[in-house]
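The structure appears below as C-alpha cells.
Since the structure is predicted, the reported quantities are computational estimates derived from the model, not experimental observations.
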Amino acid sequence: MNGIRYVRPGNGFLPNFPLFKKIDVNGETEHPLYTFIKDNCPPTRDDFVDQTKLFYTPMKNRDIRWNFEKILVDHTGMPVMRYDPSVQPSDIAKDIDYLVSQS
C-alpha cells in the first residue's frame with residue numbers, strides 16, 4: 001500500500017477498489033494459480049534477463065517473465081493463452097472476440 005500511496009502513482013493516492021496481497025508467481029513459493037496457468041499455456045519467450053537480477057529459484061522456461069504479461073482465460077476459468085509484455089491489449093481483441101463467440 002505504501003508503494004501505491006507514496007511512490008506510484010504517489011501523491012497520497014488511495015485506491016477505491018479492493019487490493020489483494022502480493023504473491024509469488026515463480027519459484028518454490030509460487031501461488032498455485034500461477035502453477036495452473038503456466039501448466040496450461042506455453043511460455044511467451046525462451047530467454048531470461050540476466051539471472052543475477054532474478055530473485056527466485058528454480059527458474060523454469062514457463063516462468064512469468066515480467067509483470068505486464070497477459071493471460072487470457074475462457075468462461076470456464078481455463079487459461080487459453082499467454083501474451084508477452086510487448087503485446088498491446090488491442091492486439092488481443094480478436095482472440096477475446098473468438099472466445100466470446102464460442103461460449
*asked:* More than 12 heavy atoms of other residues, nucleotides or ligands under 6.0 Å from CZ of Phe13: yes or no?
replied: yes
*Do Ile64 and Val73 sit in the same hydrophobic cluster, where Ile, Leu, Val, Met, Phe, Trp and Tyr count as joined when their side-chain heavy atoms come under 4.5 Å apart?*
yes
*Could you tell me whether the side chain of Arg5 and the main chain of Pro15 form a donor-acceptor pair under 3.5 Å?*
no
*Spatial distance of atom CG (Asp74) from atom CD1 (Ile96) [nearest 0.5 Å]*: 12.5 Å
*Are any of the side-chain heavy atoms of Leu72 and Pro79 separated by less than 4.5 Å?*
no
*Would you say the side chain of Ile23 lies within less than 4.5 Å of the side chain of Leu33, judging by non-hydrogen atoms?*
no
*pair His75-Leu99: side-chain heavy atoms closer than 4.5 Å*: no
_Testing the basics here: between Phe36 and Gly77, what is the closest heavy-atom pair and its distance to 0.1 Å?_
CE2-O, 3.9 Å
*asked:* I want to check something: taking the side chain as every heavy atom from C-beta on, are Met1 and Tyr6 in contact at a cut-off of under 4.5 Å?
replied: no
_Nearest-0.5 Å distance that lies between atom CG in Asn40 and atom CZ in Arg62_ = 8.5 Å
*Do Val87 and Met81 sit in the same hydrophobic cluster, where Ile, Leu, Val, Met, Phe, Trp and Tyr count as joined when their side-chain heavy atoms come under 4.5 Å apart?*
yes
*Inspect the surroundings of CG in Asp39 and state if more than 12 heavy atoms from other residues, nucleotides or ligands are less than 6.0 Å away.*
yes
*Do Asn2 and Val7 have side chains that get closer than 4.5 Å, going by heavy atoms?*
no
_Pairs satisfying side-chain hydrogen bond (donor to acceptor under 3.5 Å, both in side chains), at least one member in residues 79-96, at least two apart_ = Thr44-Asp84, Arg45-Asp84, Glu69-Arg82, Tyr83-Asp95, Asp84-Ser86
_Side chain to side chain, Glu30 and Lys38, heavy atoms closer than 4.5 Å_ = yes
